[in-house]
Amino acid sequence: MPIIRDIKNILGIIDIYKMQGYLMGLFDYEFQMEKIKAHNPPLQRLDALIEWEMFRPLLEEAFALANRKSNAGRKPYDKILMFKILILQRYYNLSDDQTEFQIKDRLSFQDFLGIDLGDPVPDAKTIWHFKEVLKEKGTVRKLFDLFTQTLQQQGIVAHEGALVDASFVTVPIQRNTRTQNKQIKNNKIPQEFQDNPHKLSQKDCDARWTKKNKQSVYGYKDHICADQKTKLIIRYTLTPASVHDSGELEKLIDPNKDRVLYADSAYFSQETETWLKVNKIQSKVARRAYRNRPLTHKEIQQNYKHSKTRVRVEHIFGTLTCQMHNALHLLAIGKERIESIVGLNNLTYNLVRFEQIVRLNKIPLP
């Protein structure tokens, strides 16, 4: 019959175009996604476990437009979609432009975000603006605290011991004159920067130089307090790189919850020991040798014993460096922006670590 003949001709043409690479098969996308998911990608494991809607109220609050007069214009992207984009970005340590490209290019990213091939993808400027709003409203800290409190309420964080340490966050080195650097070091903004707002916006007046193992480092420090049992970050602070590790200890430890402290010898001092004793916190801080006062045999044995537990905090920074693609090497500038990004890093780490804990059945869920 003519109709059947016409259908066969159309199907034959489709087969020819498909063989030439012009058309995709009806189920090719589904087949390809099955092959991708067979590798059990980390983002898909995360998406299957995390209840993303818990973050919506805080995100909606940050973007509430009290004085909006019209509904004209493009409908804004869903806040959870944008938040998941930031988690994806921090996990792979991508720039805004690379984030936009990789979402368009990678099927696994699209699947994690719940979008299809034909759906619009937020561009780099939209991603940047979303982060800026979260930074200005201080929302990242609230998101981090929300997830941490949720884990505490479920009994996953038991506060059996606190691990404290810090790691450098490197940022682009500033090319300033010696006079300008001297003024910045004294917490003064050079007049040339104040007279030119555009130039000031490109200058980082908060980062500092320091030395470790005879190597100079420029940037900030991510100070963290982690749960000894789960290796989840429960508190964090950000300081210029020149601030000593022990200077943030009292901000990281909660005397009402933390009963034991593990830390390296950088945190050891008589002032610290007195503060811990007053707050009834057991000190397992590594002892330090001084000139004409070497460590005793007992102190060496204690240091070795405590180091087996304390080293767990190094696993956290190892994850940030390796699994999260050198997440502490940033190209942004300014303390507020760096603190927001570091907060997202720490939150992303906690999400990934929580998924690992559940997958390996280390802690039963309530």
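Bear in mind that the values here come from a model prediction, so they are computed numbers and not experimental data.
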Report the relative orientation of the aromatic rings in His325 and Tyr91; use parallel for angles under 30°, tilted for 30 to 60°, perpendicular for over 60°. perpendicular
Taking the inter-plane angle between the rings of Tyr218 and Trp209 on a 0 to 90° scale, is it parallel (under 30°), tilted (30 to 60°) or perpendicular (over 60°)? tilted
Do other residues, nucleotides or ligands put more than 12 heavy atoms under 6.0 Å from [X] [atom1]?
X	atom1	result
His129	NE2	no
Glu53	CD	yes
Gln323	CD	yes
Tyr290	OH	yes

Going by atom types alone, do [X] and [Y] pair a side-chain donor with an acceptor below 3.5 Å?
X	Y	result
His297	Gln301	yes
Asn196	Glu192	no
His159	Gln152	yes

Lys/Arg-Asp/Glu bridge criterion (N-O < 4.0 Å) met for [X], [Y]:
X	Y	answer
Arg312	Asp165	no
Glu160	Arg259	no
Lys137	Glu61	no
Glu34	Lys37	no

Against Asp258, only a single residue in Lys284, Lys280, Arg235 fulfils salt bridge (Lys or Arg N to Asp or Glu O under 4.0 Å); can you say which? Arg235
Could you give me the CA-CA distance, side-chain angles and deciding distance for Gln356 and Arg359, then say whether side chain to side chain donor-acceptor pair (under 3.5 Å) is met? CA-CA 5 Å; Gln356 184 183 48; Arg359 176 164 43 88; 5.9 Å; no
Heavy-atom side-chain proximity of Ile253 to Trp275 below 4.5 angstrom: yes
Do Thr150 and Met54 come within less than 4.5 Å of each other through their side chains, counting heavy atoms only? yes
Suppose clustering is done on Ile, Leu, Val, Met, Phe, Trp and Tyr with side-chain heavy atoms closer than 4.5 Å. Which residues sit in the same group as Val278? none
Kindly give the cluster partners of Val217, where membership spreads through any ILVMFWY side chain lying under 4.5 Å from a current member. Phe168
Taking the six-membered ring for Trp, are Phe130 and Tyr77 closer than 6.0 Å centroid to centroid? no
Not counting sequence neighbours, list each pair that qualifies as a salt bridge (Lys or Arg N to Asp or Glu O under 4.0 Å) and has a residue in residues 260-279. Glu273-Arg287
How many angstroms lie between CG in Asn279 and CD1 in Ile281, if you round to the nearest 0.5 Å? 5.0 Å
Between the CD1 atom in Ile234 and the CZ atom in Phe144, the distance rounded to the nearest 0.5 Å is 8.5 Å
Pick out which of His223, Lys251, Glu248 makes a side-chain hydrogen bond (donor to acceptor under 3.5 Å, both in side chains) with Thr237. Glu248
List the steps and the verdict of side chain to side chain donor-acceptor pair (under 3.5 Å) for Thr126 and Asp123. CA-CA 5 Å; Thr126 302; Asp123 59 23; 2.7 Å; yes
